[in-house]
Amino acid sequence: MEKKIPSFLQEELGGSSLEEFMKHIEHCPECEEELTIQLLVTEGLERLEQGGNFNLQDELLLKLEGAEHCIRVHKSLLYILYCLEAAVAAAIIIALCIVFRF
């Protein structure tokens, strides 16, 4: 999972990969620590060099909350897709029943 941390920080993970990553981070203190370190290195140092403020815990929390939001949206879209597929299948069955007078 450590190899996925840069992709997570650049918001390149999506769908099941993001969900798998988030579940792992919740239960693996070593990976959570590595995530914190890489976040500090990639974003914190850059922001501090630009003269801005950087709160590591707040930034990490924002990243994790954003990922959770993406997971919820992904799951919602999949649910909608499955419902639409079921509706289309039902419409096809009804149409076939009408055409063939079942």
Side-chain angles (χ1 to χ4, degrees):
M1 281 298 159
E2 284 185 27
K3 293 179 181 179
K4 292 186 176 184
I5 291 174
S7 296
F8 172 78
L9 292 174
Q10 295 171 6
E11 299 178 3
E12 294 174 350
L13 292 180
S16 59
S17 294
L18 179 58
E19 189 171 1
E20 178 185 350
F21 179 83
M22 292 294 292
K23 285 180 182 177
H24 180 82
I25 290 294
E26 280 182 34
H27 303 293
C28 181
E30 292 84 13
C31 286
E32 184 179 4
E33 181 179 350
E34 182 62 26
L35 173 62
T36 304
I37 290 167
Q38 287 192 35
L39 177 65
L40 177 62
V41 170
T42 58
E43 294 188 26
L45 293 177
E46 181 180 321
R47 189 125 12 114
L48 290 172
E49 286 175 0
Q50 295 172 355
N53 292 332
F54 183 77
N55 182 316
L56 180 60
Q57 291 299 359
D58 287 348
E59 293 294 326
L60 181 58
L61 185 60
L62 284 173
K63 286 277 187 195
L64 295 174
E65 286 174 351
E68 289 292 339
H69 175 73
C70 287
I71 291 169
R72 284 191 304 275
V73 167
H74 178 74
K75 285 182 176 182
S76 296
L77 291 174
L78 282 177
Y79 177 76
I80 291 169
L81 178 63
Y82 295 144
C83 290
L84 289 173
E85 287 176 350
V88 167
I92 290 171
I93 291 170
I94 291 170
L96 289 173
C97 287
I98 291 170
V99 169
F100 294 109
R101 299 175 196 238
F102 284 118

**Atom pair NZ (Lys63) and OG1 (Thr36), whose distance is rounded to the nearest 0.5 Å** = 13.0 Å

**Message:** Assigning hydrophobic clusters by single linkage (Ile, Leu, Val, Met, Phe, Trp, Tyr; side-chain heavy-atom cutoff under 4.5 Å), is Ile92 placed with Phe100?
**Reply:** yes

**Asked** If two hydrophobic side chains count as joined below 4.5 Å and joins carry through other members, does Leu96 share a cluster with Val99?
**Response** yes

**Complete:** Taking every heavy atom of Lys4 against every heavy atom of Phe21, the minimum-distance pair comes out as CB-CD1, 3.9 Å

**Prompt:** Got a second to check how far Glu32's CD is from His27's NE2, nearest 0.5 Å?
**Reply:** 11.0 Å

**Prompt:** At what distance, to the nearest 0.5 angstrom, does CG of Leu39 lie from CZ of Phe8?
**Reply:** 8.5 Å

**Asked** Is a salt bridge present between Glu19 and Lys23, judged by a nitrogen-to-oxygen distance below 4.0 Å?
**Response** yes

**Request:** Taking all non-hydrogen atoms of both residues into account, name the closest pair between Ala67 and Met22 and its distance.
**Result:** CB-SD, 3.6 Å

**Item:** Distance in Å, Glu85 CD paired with Leu78 CG, rounded so as to fall on 0.5 Å steps
**Value:** 9.5 Å

**Hphob cluster co-occupancy, Leu56 + Leu9, side-chain heavy atoms under 4.5 angstrom** = yes

**Prompt:** Counting only heavy atoms not in Glu33, do more than 12 sit closer than 6.0 Å to its CD atom?
**Reply:** no

**Prompt:** Is there side-chain contact between Cys31 and His24, with heavy atoms separated by less than 4.5 Å?
**Reply:** yes

**Message:** Given 3.5 Å as the limit, does a donor-acceptor pair link the side chain of Ser17 with the main chain of Leu13, or not?
**Reply:** no

**For Gln38 against Ile5, the heavy-atom pair lying closest together** = OE1-CG2, 3.3 Å

**Message:** Between Ile80 and Val73, is there shared hydrophobic-cluster membership here, with clusters defined by ILVMFWY side-chain heavy atoms closer than 4.5 Å?
**Reply:** no

**Asked** Roughly how far, to the nearest 0.5 Å, is the NZ atom of Lys75 from the CG atom of Leu77?
**Response** 13.0 Å

**Prompt:** At what distance, to the nearest 0.5 angstrom, does CD of Glu12 lie from CG of Leu18?
**Reply:** 12.0 Å

